[in-house]
Asks: 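What follows is a single structure, and I will ask about it in a moment.
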Number of protein chains: 2
Amino acid sequence: MQLTKGVEQAICIIVILSTQDKNVPLSSNEISRRLEVSPSYLKKIIRKLVVKQIITSVPGNNGGLTLAKSVDKIKNLEIIEAMEGPISMFPDTGLIEKAFKDGEYAEKGMDVLRRMFSRADQLLIEFFSSQTVADLLKESFGTTDIPTLNWNTASLSDVLREKKGEKK
Amino acid sequence: MQLTKGVEQAICIIVILSTQDKNVPLSSNEISRRLEVSPSYLKKIIRKLVVKQIITSVPGNNGGLTLAKSVDKIKNLEIIEAMEGPISMFPDTGLIEKAFKDGEYAEKGMDVLRRMFSRADQLLIEFFSSQTVADLLKESFGTTDIPTLNWNTASLSDVLREKKGEKK
DNA sequence: TCCATTATGGATATGTGATATCCACATACA
DNA sequence: TGTATGTGGATATCACATATCCATAATGGA
C-alpha cells in the first residue's frame, strides 16, 4: 500500500517551482536536469499537474512552467489525486461475494469490506486535504520563501537577467 | 494507493474459516473451490497467515486449516501487515534531496515528506488496529455466528459427519 | 519569414512486483 | 503402505509504474 513515485516526483517539481520568479517560466528540461530524471518522462508527470491546473505551462520560446497558484493554495490531496486519481484503498474484485454465494447473507456480504475501507479512504482524504504544500515547507524550513540561490545551478531567471544585462 | 488483492483474499479465507467447526479442519482445496482461486496460489496466501499465527494448519490426512484465534481477536491491521508488511505509504527514493542538493536546506529537506507521510501511516495503523474481523461481521450481519449451511457446497464437517454415520 | 526553444501527446520500451501455477517433498492418519 | 494434506521453492504470467523517443504545434525573437 504505497503511493507511486510519481507523487514524490510531483511534489519535488512543485517545490522547485515555488522558488521560481512567477514572471519567468522555468523549462521542464531545467527541472529534469536538477532532479536527474529524463526530460521526456518528466513532461508526462508535469502534464498531469497542468491538466489539474496546479501548474501553468507556456509553450514556445522563453516559455516554460510556473505555479498556477501559490503554495498555500495547493492541497497535498490535489497532488496525490492528480497523479493517482481518487483515493481508494480497496481493490474490489467481488471475491467476498463468492464466499457468500447463496443464502440471506449474499447481498449484505458485498458491503462488509467496502464499508470499512471507504471509511479509511475518508480518513486519508481529510488528512491530506487539511494540509498544503506551504505547510510542508513551513514546518521543515520555517519559511515558504526559499531563496533560489540555494539551487545547485544558476536559476533560469538569473540567466535571463544576465542576458538582459541586469544586475541582481 | 491500493491494498493488494491478497488482503481481500486473506479476509475471505478468514471469513470462511470463521464459519467452520474449530475441531474439524477445512482443507485449502475446499476454500480454493469456493473462492474459485487455484489451490496452489491459495496455499501461498494461507502460508502468510499461518506464519503470523492467524490461522493454524495441520498437515496430513484429515488435516487442514482452522482459525488460530476467534474473530474478535483478529485485528484487521494484522491481516494487512501479514500480507503486505508494515504500513508505509511513502515510496522514499530520496528525490527531494536532489532538489535541495546544496545549502542550508539540504539536511532538513530530507524530512519534509517523510514526516507528513509517517503521520498518515500512523493514522491508518490506529484505524485498522481498532477493528477486528468480528466487528466487520457484526456490523454487516448483526452476528458473528454465520451458519455453515449457507455455503453453496456442503461443508467438510458435514461430509465428515456423514462418513462417520452421524446425524446433524 | 525563418529559426530556436518549448510544451503536447502518442507510441513504445523497460522494469518491478503482484498474481498465479506447478512440482517435489514432508507430514499425518488409517 | 496409501491417500490426503500442508510446505516451500521455482517459475510463469500479467498489470502497471516507470521511462524514453519522436513527430507536432505553439511562441517569441532575429
Side-chain angles (χ1 to χ4, degrees), chain A residues 1-10 12-13 17 23-33 35-51 53 55-66 68 80 82-85 88 91 93 95 156 159-160 163-164, chain B residues 1-10 12-13 17 23-33 35-53 55-66 68 80 82-85 88 90-91 93 95 156 159-160 163-164:
Chain A
M1 181 180 33
Q2 266 197 343
L3 294 164
T4 59
K5 277 197 202 175
V7 174
E8 187 182 16
Q9 293 158 340
C12 289
I13 292 167
L17 283 176
N23 301 316
V24 185
L26 187 62
S27 79
S28 74
N29 285 332
E30 176 62 21
I31 299 176
S32 118
R33 244 188 313 270
L35 294 180
E36 299 173 29
V37 178
S38 90
S40 25
Y41 174 57
L42 204 91
K43 277 171 191 151
K44 243 189 168 174
I45 307 283
I46 287 170
R47 225 171 302 152
K48 290 184 183 178
L49 296 172
V50 170
V51 168
Q53 300 184 325
I55 70 183
T56 305
S57 68
V58 178
N61 196 4
N62 284 338
L65 309 163
T66 52
I80 294 173
M83 300 308 295
E84 308 199 343
S88 176
T93 67
L95 189 68
L156 183 59
V159 174
L160 289 175
K163 276 187 181 173
K164 292 177 186 171
Chain B
M1 180 183 32
Q2 266 197 342
L3 295 163
T4 58
K5 277 195 199 175
V7 174
E8 187 182 18
Q9 294 159 340
C12 289
I13 292 167
L17 283 177
N23 301 315
V24 185
L26 186 63
S27 80
S28 76
N29 286 332
E30 176 61 21
I31 299 176
S32 119
R33 242 188 314 268
L35 294 180
E36 298 172 30
V37 178
S38 90
S40 25
Y41 174 57
L42 203 90
K43 278 172 192 149
K44 241 189 168 173
I45 307 282
I46 287 170
R47 226 171 302 152
K48 290 184 182 177
L49 297 172
V50 170
V51 168
K52 294 291 182 177
Q53 301 184 325
I55 70 184
T56 305
S57 68
V58 178
N61 197 1
N62 285 339
L65 310 163
T66 53
I80 293 172
M83 301 308 296
E84 308 198 344
S88 177
F90 189 54
T93 67
L95 190 68
L156 183 58
V159 175
L160 290 176
K163 275 187 182 174
K164 293 178 184 171

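When reading the values below, keep in mind they use all heavy atoms of this one structure, side chains included, and skip hydrogens, waters and symmetry mates. Note on naming: letters A, B, ... go to the chains in the order of the sequence lines (proteins, then strands), and numbering restarts at 1 for each one. What you see is a predicted model, and the numbers here were worked out from it, not measured in a lab.
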Asks: Among dA28(C), dT21(C), dT8(C), which is the nearest nucleotide to the side chain of Pro59(B)?
Replies: dA28(C)

Asks: Side chains of Pro25(A) and Leu65(A): does their closest heavy-atom pair fall under 4.5 Å?
Replies: no

Asks: With DNA chain C as reference, determine whether Ile46(A) or Gly60(A) sits nearer its 5' end, using the nearest nucleotide of each.
Replies: Gly60(A)

Asks: Take atom CZ of Arg33(A) and atom C1' of dT5(C), then tell me their distance rounded to the nearest Å.
Replies: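 That distance rounds to 12 Å.
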
Asks: Check whether any side-chain heavy atom of Ile13(B) lies under 4.5 Å from a side-chain heavy atom of Leu42(B), and answer yes or no.
Replies: yes

Asks: Tell me which nucleotide among dG9(C), dT11(D), dA7(C) gets nearest to the side chain of Ser27(A).
Replies: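 Closest nucleotide to the Ser27(A) side chain: dA7(C).
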
Asks: Could you check Gly64(A) against Gly6(B) and say which one's nearest nucleotide on DNA chain C is further toward the 5' end?
Replies: Gly64(A)

Asks: Taking Glu30(B) first and then Arg33(B), would you say they form a salt bridge - that is, a charged N and a carboxylate O separated by under 4.0 Å?
Replies: yes

Asks: Rounded to the nearest Å, what distance is computed from the NZ atom of residue Lys44(A) to the P atom of nucleotide dC21(D)?
Replies: 13 Å

Asks: Of the nucleotides dA28(C), dT19(C), dT6(C), which has the atom closest to the Tyr41(B) side chain?
Replies: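 Given the options dA28(C), dT19(C), dT6(C), the side chain of Tyr41(B) is closest to dT19(C).
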
Asks: Where the side chain of Lys43(B) is concerned, which of dT8(C), dT11(D), dG6(D) is the nearest nucleotide?
Replies: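 From the listed options, dG6(D) comes nearest.
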
Asks: Compare side-chain N and O positions of Ser57(B) against OP1 and OP2 of dT7(D) and report whether any pair is under 4.0 Å apart.
Replies: yes

Asks: Whole Å only: how far is the CG atom of Leu49(B) from the P atom of dT7(D)?
Replies: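 Going from CG in Leu49(B) over to P in dT7(D) covers 11 Å.
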
Asks: For the pair made of CD in Gln53(B) and C1' in dG6(D), what is the distance, rounded to whole Å?
Replies: 17 Å

Asks: Base, sugar-phosphate or nothing for Thr4(B)? Non-hydrogen atoms, less than 4.0 Å.
Replies: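 Contact class for Thr4(B): sugar-phosphate only.
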
Asks: Strictly below 4.0 Å: does Ser38(B) bring a side-chain N or O up to OP1 or OP2 of dA20(C)?
Replies: no

Asks: Considering only side-chain heavy atoms of Asn61(A), which listed nucleotide, dC21(D), dT5(C), dT21(C), is closest?
Replies: dT5(C)

Asks: Got Val37(A) and Ile45(A) here, is their nearest side-chain heavy-atom distance under 4.5 Å?
Replies: no

Asks: Quick one: Ile31(A) CD1 to dA7(C) P, roughly how many Å, whole number?
Replies: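 Atom-to-atom, Ile31(A) to dA7(C), this comes out as 8 Å.
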
Asks: By nearest nucleotide on DNA chain D, pick out whichever of Val7(A) and Arg47(A) is the more 5' one.
Replies: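 Nearest-nucleotide comparison on DNA chain D picks Val7(A).
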
Asks: Output the rounded distance in Å from CG (Leu42(A)) to P (dT18(D)).
Replies: 13 Å

Asks: Check every atom of dC22(C), dG28(D), dT6(C) against the side chain of Asn29(A) and return the nucleotide holding the closest atom.
Replies: dT6(C)

Asks: According to a strict under-4.0 Å criterion, is Gln9(B) in side-chain N/O contact with OP1 or OP2 of dA20(C)?
Replies: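 Gln9(B) to dA20(C) OP1/OP2: side-chain N or O found under 4.0 Å.
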
Asks: Specify the separation, in whole Å, of atom CG of Asn62(A) and atom P of dT5(C).
Replies: 10 Å

Asks: Testing the basics here: between Phe90(B) and Gln2(A), what is the closest heavy-atom pair and its distance to 0.1 Å?
Replies: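 That closest heavy-atom pairing would be O-NE2, 3.5 Å.
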
Asks: Show your reasoning for whether side chain to side chain contact (heavy atoms under 4.5 Å, CB included) applies to Gln9(A) and Leu35(A).
Replies: CA-CA 9 Å; Gln9(A) 293 158 340; Leu35(A) 294 180; 5.8 Å; no

Asks: In whole angstrom, give the distance that lies between atom CG of Leu95(A) and atom P of dA18(C).
Replies: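 One finds 18 Å between P of dA18(C) and CG of Leu95(A), rounded.
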
Asks: Taking OP1 and OP2 of dG6(D), is either one under 4.0 Å from a side-chain nitrogen or oxygen of Ser28(B)?
Replies: yes

